[in-house]
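Written out below as structure tokens is the structure these notes cover.
Just so it is clear, the structure is predicted and the values come from calculations on it, not from any experiment.
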Amino acid sequence: MIPILVVETSYLCELYRVPGFSDATFSSRVQRRWDRMASEQRASFYVPMGCLYQLCDHIADVPDGNQRRRLANQVVADVESSLERGSLWTILPSQGLDELPGFLRAFSSDPGHLRLGLTNSGVLKIASDLGSRYGSSSSYRVHIWTRNPNLKAYEPDAESDPLI
């Protein structure tokens, strides 16, 4: 089974160890799992554009200017690497604004029940689309990496041992 992982803001904050938005113990667990998934299980990682915006907003709140600059530079390097070489992760949507109406429809379809904002509605839409694309193959499983239990509950394939 090859995991397809949609990485939400809470996990990005853990991977970058953003002060005030991460926990050292949990960050270590997430990093170990990321490394194992990437090397042993050939996982594919997808990062929604909205989650990158939120990550950068959280980095902007880091009080220490040197740490804030280091984190911002690391995000820039990782995004450039992803765009230029396709390494690390795939950023979605990749076509610009084409996907925005779908994200807005997902957000507006049931705003009270799911309790998900626009960014997480986009995460769910991306995961659902990937689930539809790869769901017919028993070789793939689509998961959402998030600490948000409301969002995690709607991932296309339930993760057997989730980190929440």
Side-chain angles (χ1 to χ4, degrees), residues 1-18 21-23 26-56 58 75 78-79 81-164:
M1 179 210 43
I2 299 171
I4 296 171
L5 304 161
V6 181
V7 186
E8 186 261 345
T9 309
S10 60
Y11 263 53
L12 290 172
C13 287
E14 298 295 347
L15 288 165
Y16 284 95
R17 298 176 184 257
V18 179
F21 297 92
S22 63
D23 170 86
F26 193 77
S27 290
S28 295
R29 292 175 61 206
V30 169
Q31 187 64 57
R32 282 193 305 273
R33 183 166 286 191
W34 178 289
D35 293 343
R36 189 181 81 243
M37 293 289 226
S39 64
E40 296 172 14
Q41 297 187 13
R42 301 183 341 239
S44 295
F45 299 93
Y46 292 86
V47 175
M49 182 72 74
C51 294
L52 281 175
Y53 290 156
Q54 285 185 322
L55 171 65
C56 292
H58 293 327
V75 170
D78 291 346
V79 167
S81 176
S82 294
L83 293 174
E84 293 169 4
R85 295 185 290 285
S87 60
L88 197 55
W89 55 51
T90 300
I91 299 168
L92 294 176
S94 58
Q95 303 300 315
L97 296 176
D98 295 343
E99 289 88 350
L100 184 58
F103 293 166
L104 291 170
R105 278 192 297 280
F107 169 69
S108 68
S109 66
D110 196 352
H113 177 69
L114 298 180
R115 297 187 51 97
L116 301 177
L118 180 59
T119 300
N120 284 341
S121 294
V123 170
L124 183 56
K125 174 100 171 72
I126 288 170
S128 296
D129 289 351
L130 289 167
S132 295
R133 184 181 318 157
Y134 294 104
S136 61
S137 170
S138 61
S139 301
Y140 296 94
R141 296 292 178 269
V142 178
H143 306 296
I144 298 172
W145 272 10
T146 182
R147 295 191 80 176
N148 179 338
N150 291 335
L151 180 58
K152 185 70 172 171
Y154 292 96
E155 69 184 344
D157 300 301
E159 200 170 5
S160 62
D161 184 25
L163 293 178
I164 294 182

Measure the shortest side-chain to side-chain distance between [X] and [Y] over non-hydrogen atoms and say whether it is less than 4.5 angstrom.
X: Y46; Y: I4; answer: yes
X: E14; Y: S22; answer: yes
X: H58; Y: Y16; answer: no
X: C51; Y: V123; answer: yes

Under-4.0 Å salt bridge between R133 and D129 =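 Not counted as a salt bridge, because no side-chain N and carboxylate O are separated by less than 4.0 Å.
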Does the pair D23/R29 count as a salt bridge with the N-to-O cut at 4.0 Å?
-> no
For R85, what residues pass the side-chain contact (heavy atoms from CB on, under 4.5 Å) criterion, not counting sequence neighbours?
->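 R85 satisfies side-chain contact (heavy atoms from CB on, under 4.5 Å) with S81, S87 only.
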Which atom of [X] lies closest to which atom of [Y], heavy atoms considered:
X: F21; Y: C13; result: O-CB, 3.4 Å
X: L55; Y: V75; result: CD2-CG2, 3.8 Å
X: P156; Y: A127; result: CG-O, 3.2 Å
X: N148; Y: T146; result: N-OG1, 3.0 Å
X: Y140; Y: M1; result: C-CG, 4.3 Å

Going through the distances and angles, do D161 and R33 end up as a side-chain contact (heavy atoms from CB on, under 4.5 Å)?
-> CA-CA 11 Å; D161 184 25; R33 183 166 286 191; 3.2 Å; yes
To the nearest 0.5 angstrom, please state how far the CG atom of L15 sits from the CH2 atom of W145.
-> 7.5 Å
Do we see a donor-acceptor contact under 3.5 Å between the side chains of T9 and R147?
-> no
Parallel, tilted or perpendicular for Y11 and F26, by the 30°/60° rule?
->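 Answer is perpendicular, since the angle exceeds 60°.
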Spell out, as yes or no, whether a donor-acceptor pair under 3.5 Å connects the side chain of E8 to the backbone of S10.
-> yes
Does the D157 side chain pair with the main chain of H143, one donor and one acceptor, at a distance under 3.5 Å?
->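 Pair absent, no side-chain N/O of D157 close to backbone of H143.
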Would you check, one step at a time, whether the test side-chain contact (heavy atoms from CB on, under 4.5 Å) holds for L12 with W89?
-> CA-CA 12 Å; L12 290 172; W89 55 51; 4.0 Å; yes
Candidate list L5, V7, L124, test side chain to side chain contact (heavy atoms under 4.5 Å, CB included), partner I144, passing option |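 Option passing the side chain to side chain contact (heavy atoms under 4.5 Å, CB included) with I144: L124.
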